[in-house]
Number of protein chains: 2
Amino acid sequence: MKYNEAKDKFIHTWGTLGSSWGISRTMAQVHALLLISPDPLSTEEVMEELKISRGNCNMTIRDLMDWGLVFKELKAGERREFFRAEKDIWKVAKQIIKERRKREIEPVLGILEDLKKMEGNKGDKKHKALVDAVTNIESVVEKADFALDRAIKLDENALVGALFKLFK
Amino acid sequence: MKYNEAKDKFIHTWGTLGSSWGISRTMAQVHALLLISPDPLSTEEVMEELKISRGNCNMTIRDLMDWGLVFKELKAGERREFFRAEKDIWKVAKQIIKERRKREIEPVLGILEDLKKMEGNKGDKKHKALVDAVTNIESVVEKADFALDRAIKLDENALVGALFKLFK
DNA sequence: AATATCTTTCAATTTATTTTGAAAGTTCAG
DNA sequence: CTGAACTTTCAAAATAAATTGAAAGATATT
């Protein structure tokens, strides 16, 4: 396999993986491209490499910046903006966990808390089944949330070392 | 909030959460409905409750069974099939982790392994950046995979207890 | 073996998401 | 201030994904 083939396969694989995890294909591909670029790229270069439009490229890069995965880089004497991705994958993983926790887990916990306050006959089978499900989900989600919160505060080696000891 | 309102909100919340994690809204909603049903439901009942078509209902339930989240239940003297969901959320979480590991992580590890074998000039900046990224991702994914593999072999209390001790 | 009941399939349709590209907006050098 | 270089926006178009429903396929019942 030649470099160009490997590069395309990498970008393609990352894109496919992204779309099965709720990230748009293009967003994952731009991220992949920046991940393997030794130097920061301009909007123009990303557009050309991935054959996507200016508007799409701009919005995708903005999204990646919102996620804290890509950063603006200014080059001395250059008018245009360049972008680089965080290359340390453990940092990338931590950042994704942090954002998804904030965007998805926290709001759901709030809603579940409300649902438990439902009025009605506590003896009713259906009522009980709903409260049970909510209570059970809340408990698992809170524990997972706790674990993730701690995980992102450790560095990769500390975490993996600890887990290894724990599970051996 | 009345029971019916709470039920709808629960189903809606689960559906929304599902779609941001690569699961179709309907699949998550059917799962939610079965989660809070004290008794198994027939295809007909699910169709009616969620206002979805027969075909959609059938395929969605089949997918949920493929994921190991929903099971057929036969009622004595009844011709039609009934379905129930696993109610223990920790088991549900383990099952989802197990399936996603098999469906998504394992194939990606294989592809990454191939990519590292790329031919070409090892001194080239671009070549090196790609190999570095792949190596780095592989290392993080393998460690996460290892941790998840162990996690699904523990029960909820053992895992949470261990994590708590670990992180305190 | 004919009928009734229930399940599955899949082409057509609908709905949702992503992408485009031209126009408007911004910024900066001269 | 003006114009060139670059960025952002967003309505329309293209694409992808989910859904429908009628027909075909099973399977049990009489």
Side-chain angles (χ1 to χ4, degrees), chain A residues 11-12 14-34 39-67 70-84 103-104, chain B residues 11-34 39-67 69-84 103-104:
Chain A
I11 290 171
H12 178 262
W14 211 236
T16 305
L17 193 62
S19 49
S20 63
W21 286 85
I23 287 149
S24 89
R25 193 170 46 86
T26 302
M27 191 166 152
Q29 289 185 341
V30 171
H31 185 231
L33 176 63
L34 292 175
D39 303 303
L41 300 181
S42 65
T43 304
E44 208 80 29
E45 288 167 308
V46 174
M47 283 168 62
E48 182 153 325
E49 190 81 43
L50 301 178
K51 311 276 185 243
I52 60 175
S53 72
R54 183 172 299 287
N56 192 8
C57 193
N58 178 271
M59 289 176 115
T60 299
I61 289 177
R62 182 148 59 64
D63 281 351
L64 284 167
M65 289 195 294
D66 285 347
W67 275 82
V70 161
F71 308 92
K72 250 182 208 168
E73 188 105 327
L74 298 171
K75 279 194 185 174
E78 278 272 18
R79 176 73 180 280
R80 326 158 275 162
E81 298 172 327
F82 289 79
F83 304 93
R84 68 179 172 80
R103 294 172 193 221
E104 291 151 15
Chain B
I11 291 171
H12 178 261
T13 303
W14 210 236
T16 305
L17 194 63
S19 49
S20 63
W21 285 86
I23 288 150
S24 87
R25 193 169 45 84
T26 301
M27 190 167 152
Q29 288 183 342
V30 171
H31 185 232
L33 176 62
L34 292 175
D39 302 304
L41 301 181
S42 66
T43 305
E44 209 79 30
E45 288 167 308
V46 173
M47 282 169 62
E48 181 153 328
E49 190 81 44
L50 301 178
K51 312 276 184 244
I52 61 176
S53 72
R54 184 171 299 286
N56 190 9
C57 194
N58 179 273
M59 288 177 117
T60 298
I61 289 176
R62 184 148 57 66
D63 280 351
L64 284 166
M65 289 195 294
D66 284 348
W67 276 82
L69 299 174
V70 161
F71 307 92
K72 246 181 211 169
E73 189 104 328
L74 298 173
K75 278 194 187 173
E78 277 273 16
R79 175 74 180 280
R80 68 214 143 122
E81 299 173 326
F82 289 79
F83 304 94
R84 67 178 173 79
R103 293 170 194 224
E104 290 150 15

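- In plain terms, the two heavy atoms of A:Gly15 and A:Ala28 that are nearest each other are CA-CB, 3.7 Å.
- Put simply, chain B comes within 4.0 Å of DNA chain D, heavy atom to any atom, from D:dA18 to D:dA28, going 5' to 3'.
- Taking B:Lys72 as the reference, B:Glu81 meet the side chain to side chain donor-acceptor pair (under 3.5 Å) condition, with sequence neighbours excluded.
- Note: CD1 (B:Ile52) to P (C:dT15) measures 15 Å, nearest angstrom.
- Residue pairs meeting the salt bridge (charged side-chain N to carboxylate O under 4.0 Å, His left out) criterion with at least one member in residues 45-59 of chain A, sequence neighbours excluded, are A:Lys7-A:Glu49, A:Glu44-A:Arg54.
- For B:Met47 and C:dC6, the CE to P distance is 12 Å, given to the nearest whole Å.
- For DNA chain D, the residues of residues 53-65 of chain B within the heavy-atom distance limit of 4.0 Å (strictly under) are B:Ser53, B:Gly55, B:Asn56, sorted by number.
- For A:Arg80, the salt bridge (charged side-chain N to carboxylate O under 4.0 Å, His left out) partners are A:Glu78, not counting sequence neighbours.
- Not counting sequence neighbours, B:Arg79 has no partner by the side-chain contact (heavy atoms from CB on, under 4.5 Å) test.
- You'll find the side chain of A:Leu17 reaches within 4.5 Å of the side chain of A:Trp14, heavy atoms only.
- Rounding to the nearest 0.5 Å places CG of B:Asp39 at 11.5 Å from CG of B:Leu34.
- In this structure A:Arg84 satisfies the side chain to side chain donor-acceptor pair (under 3.5 Å) test together with A:Glu73, sequence neighbours excluded.
- Contacts of A:Arg25 classified as side-chain contact (heavy atoms from CB on, under 4.5 Å), with partners at least two apart in sequence or in another chain: A:Gln29.
- Residue contacts for A:Glu81: at a heavy-atom cut-off of 4.0 Å it reaches the sugar-phosphate backbone alone, with no base atom in range.
- In this structure, the side-chain contact (heavy atoms from CB on, under 4.5 Å) partners of B:Asn56, at least two apart in sequence or on a different chain, are B:Thr26, B:Ile52, B:Ser53, B:Thr60.
- Within residues 15-27 of chain B, no residue is approached by DNA chain C to less than 4.0 Å at the level of any non-hydrogen atom.
- When all heavy atoms of B:Leu33 and B:Ile11 are compared, the closest pair comes out as CD1-CD1, 4.0 Å.
- Residues B:His31 and B:Val70 approach most closely at CD2-CG2, 4.4 Å, considering heavy atoms.
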Checklist entry - Taking it one step at a time, do A:Phe83 and A:Ile61 satisfy side-chain contact (heavy atoms from CB on, under 4.5 Å)? => result CA-CA 8 Å; A:Phe83 304 93; A:Ile61 289 177; 3.5 Å; yes
All N/O contacts under 3.5 Å from nucleotides 24-30 of chain C to the protein, with atom names and distances to one decimal?
residue	atom	partner	partner atom	Å
C:dT27	O2	A:Arg79	NH2	2.3

